[in-house]
Number of protein chains: 2
Amino acid sequence: MECPALPPGWKKEEVIRKSGLSAGKSDVYYFSPSGKKFRSKPQLARYLGNTVDLNSFDFRTGKMMPSKLQKNKQRLRNDPLNQNKLFWEKRLQGLCASDVTEQIIRSMELPKGLQGVGPGNNDNTLLSAIASALHTSSAPITGQLSAAVEKNPAVWLNTSQPLCKAFIVTDEDIRKQEERVQQVRKKLEDALMADMLAHAAESANNTDVDMDSGDDESAPE
Amino acid sequence: MECPALPPGWKKEEVIRKSGLSAGKSDVYYFSPSGKKFRSKPQLARYLGNTVDLNSFDFRTGKMMPSKLQKNKQRLRNDPLNQNKLFWEKRLQGLCASDVTEQIIRSMELPKGLQGVGPGNNDNTLLSAIASALHTSSAPITGQLSAAVEKNPAVWLNTSQPLCKAFIVTDEDIRKQEERVQQVRKKLEDALMADMLAHAAESANNTDVDMDSGDDESAPE
DNA sequence: CGGAGTGATTTA
DNA sequence: TAAATCACTCCG
């Protein structure tokens with residue numbers, strides 16, 4: 001009855017159907033440490049949230065089945081949603097911010113709380129992985145919550161999350177970041193205003209600007 | 001929802017899949033007059049048995065498709081089962097019962113209720129067709145139930161049934177036939193008994209019968 | 001335990 | 001590969 005694939009204290013039960021069209025078939029139930037009964041994998045997943053990755057969890061046997069993961073991946077390889085995801089990870093790789101002088105802004109360093117997981121990870125892939133995850137999903141981004149992913153990524157990897165260790169974003173983190181964004185926006189506003197004024201002054205002297213570009217249908221962005 | 005290709009009272013329904021990997025695909029269901037749901041052509045065929053010929057029935061559209069029949073026939077022409085069937089129809093053609101005097105017994109006339117269908121049919125082919133059907137299948141033999149087979153055999157012919165109109169065998173028919181069989185068996189018994197007695201009387205006068213056939217392993221049947 | 005809805009497997 | 005069939009999940 002104890003279920004080794006779930007956290008300690010979880011119990012599993014199997015009940016055989018005795019009659020009817022489905023006689024001989026069975027139903028599988030799980031019980032949380034507190035005694036709550038679960039009748040399906042979705043119900044279990046809703047309750048456990050991101051504390052346990054159930055992607056490879058087989059509800060009927062109660063075991064982690066790497067084969068399940070394989071099948072999911074095979075199907076998803078040609079899946080439009082997944083292709084979109086891979087597209088964005090590629091699209092975002094190698095990008096960095098720069099100012100008008102073409103100098104790279106070095107302030108893209110990630111907080112120390114964000115750490116990659118798995119082979120060949122570095123800050124560059126980490127950033128694009130997280131940005132991609134934020135871009136392609138409306139679900140919360142938590143990172144890989146299971147510590148087991150370090151030992152056996154093939155089984156424990158939660159493919160709906162980027163390849164980084166689980167992290168916590170505190171209210172203090174959010175406040176600080178909002179402050180930084182406000183400051184940068186103010187700088188941008190000042191720069192745009194100065195640029196506009198400069199152009200205005202210039203065109204005041206030059207009213208006969210070219211009109212060739214009037215029908216090329218290009219729109220400002 | 002009403003399905004003209006099936007007997008009256010049968011309903012058809014098409015349901016689009018709303019989610020999952022197969023979203024957008026559809027499933028077709030049929031409902032018997034009593035409300036039982038059918039989810040595939042084999043399931044439908046098992047239930048209808050020989051009352052309706054589904055060879056040319058297209059499950060998805062709910063219509064009879066002569067094109068389907070062509071493919072079936074091509075396949076069945078080389079099919080071992082079908083060859084076996086044709087073999088027996090050929091094997092039984094031209095046979096008739098006779099008594100020891102080699103006189104043909106004319107009592108093989110078929111009941112008036114049995115009528116052939118299609119071009120070039122006569123009582124001889126009819127008898128062998130029915131005998132063949134009984135011999136090669138354990139399923140009930142009903143004849144061609146659809147009246148449409150007269151007009152367009154190419155579409156409506158039920159190839160699992162002999163080429164005769166649908167017929168009903170009543171309890172009275174069965175009782176009469178049993179009586180006839182009993183009478184004929186009694187005649188046969190009398191004849192065999194008389195034959196045996198004649199032989200016994202003969203061998204009582206001749207005790208030195210040949211013993212050569214003692215080890216030829218032939219068994220009486 | 002039933003059954004609609006969907007995944008998984010087989011067939012064409 | 002896609003369609004058809006079968007099997008299973010999951011919730012009432």
Side-chain angles (χ1 to χ4, degrees), chain A residues 3 5-6 10 12-32 36-48 54-83 159-160, chain B residues 1 3 5-6 11-32 34-49 54-79 81-82:
Chain A
C3 184
L6 294 178
W10 283 82
K12 171 175 179 287
E13 183 190 11
E14 180 162 9
V15 179
I16 311 290
R17 297 191 178 191
K18 301 180 187 70
S19 64
L21 295 172
S22 54
K25 302 284 180 183
S26 69
D27 295 289
V28 174
Y29 306 115
Y30 290 84
F31 296 91
S32 72
K36 181 167 162 57
K37 182 178 183 176
F38 294 85
R39 313 200 304 151
S40 72
K41 187 170 170 178
Q43 185 189 11
L44 192 60
R46 281 194 296 275
Y47 183 82
L48 290 172
L54 296 181
N55 279 329
S56 68
F57 181 71
D58 183 79
F59 190 83
R60 181 156 287 276
T61 63
K63 295 169 185 170
M64 290 295 176
M65 315 254 22
S67 56
K68 279 212 156 193
L69 208 56
Q70 290 294 343
K71 287 183 182 176
N72 283 341
K73 287 202 167 180
Q74 278 182 356
R75 287 213 173 259
L76 288 173
R77 199 159 288 162
N78 297 329
D79 180 56
L81 181 65
N82 216 40
Q83 288 189 343
T159 54
S160 69
Chain B
M1 299 243 309
C3 184
L6 294 179
K11 303 273 196 304
K12 172 176 178 287
E13 184 192 10
E14 179 161 9
V15 179
I16 312 289
R17 295 193 177 195
K18 301 178 186 73
S19 63
L21 297 171
S22 54
K25 302 282 179 185
S26 71
D27 295 284
V28 173
Y29 305 117
Y30 289 83
F31 296 90
S32 73
S34 66
K36 182 167 162 55
K37 184 177 186 174
F38 294 84
R39 306 160 69 94
S40 74
K41 184 170 172 180
Q43 186 189 11
L44 191 60
R46 281 193 295 274
Y47 183 82
L48 291 172
L54 296 180
N55 281 329
S56 69
F57 182 71
D58 183 79
F59 190 84
R60 180 157 286 277
T61 63
K63 294 168 184 170
M64 290 294 176
M65 315 256 20
S67 54
K68 281 211 157 195
L69 203 57
Q70 290 296 342
K71 290 181 183 176
N72 282 341
K73 286 204 168 182
Q74 280 179 355
R75 286 202 177 270
L76 288 173
R77 201 158 287 161
N78 298 327
D79 181 52
L81 181 65
N82 218 38

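Proteins get letters first, then strands, A, B, ... in listed order; numbering begins at 1 in each. Keep in mind the model is a prediction, meaning the values are calculated, not measured.
Minimum heavy-atom separation, A:Lys12 to A:Val28: CE-CG1, 4.0 Å. Heavy-atom minimum distance, B:Ala5 versus B:Phe57: CB-CE1, 4.0 Å. When all heavy atoms of A:Arg17 and A:Asp27 are compared, the closest pair comes out as NE-OD2, 2.8 Å. Contact between B:Ile16 and B:Ser26 at its shortest, heavy atoms only, is CD1-CB, 3.8 Å.
By the side chain to side chain contact (heavy atoms under 4.5 Å, CB included) test, B:Lys37 is found to be paired with B:Tyr29, B:Phe31, B:Arg39, residues two or more places apart in sequence or in another chain being considered.
Taking 4.0 angstrom as the limit, B:Ser22 places a side-chain polar atom (N or O) nearer than this to OP1 or OP2 of C:dG7. Listed pair B:Ser19 / C:dG5 fails the phosphate criterion, with no side-chain N or O lying under 4.0 Å from OP1 or OP2. An OP1 or OP2 oxygen of C:dA4 is reached within less than 4.0 angstrom by a side-chain nitrogen or oxygen of B:Lys37.
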Task: Letter per nucleotide, 5' to 3', of nucleotides 7-12 of chain D [B base touched, S only sugar-phosphate touched, - untouched; heavy atoms, 4.0 Å] - done: BSSBBB
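Atom CZ of B:Phe38 is separated from atom P of C:dA4 by 13 Å (rounded to the nearest Å). Going from atom CG of B:Leu21 over to atom C1' of C:dT6 covers 9 Å, rounded to whole Å. If you measure from atom OH of B:Tyr29 to atom P of D:dC6, you get 13 Å, rounded to the nearest angstrom.
A centroid separation of 6.0 Å or more is found between the aromatic rings of A:Tyr30 and A:Tyr47.
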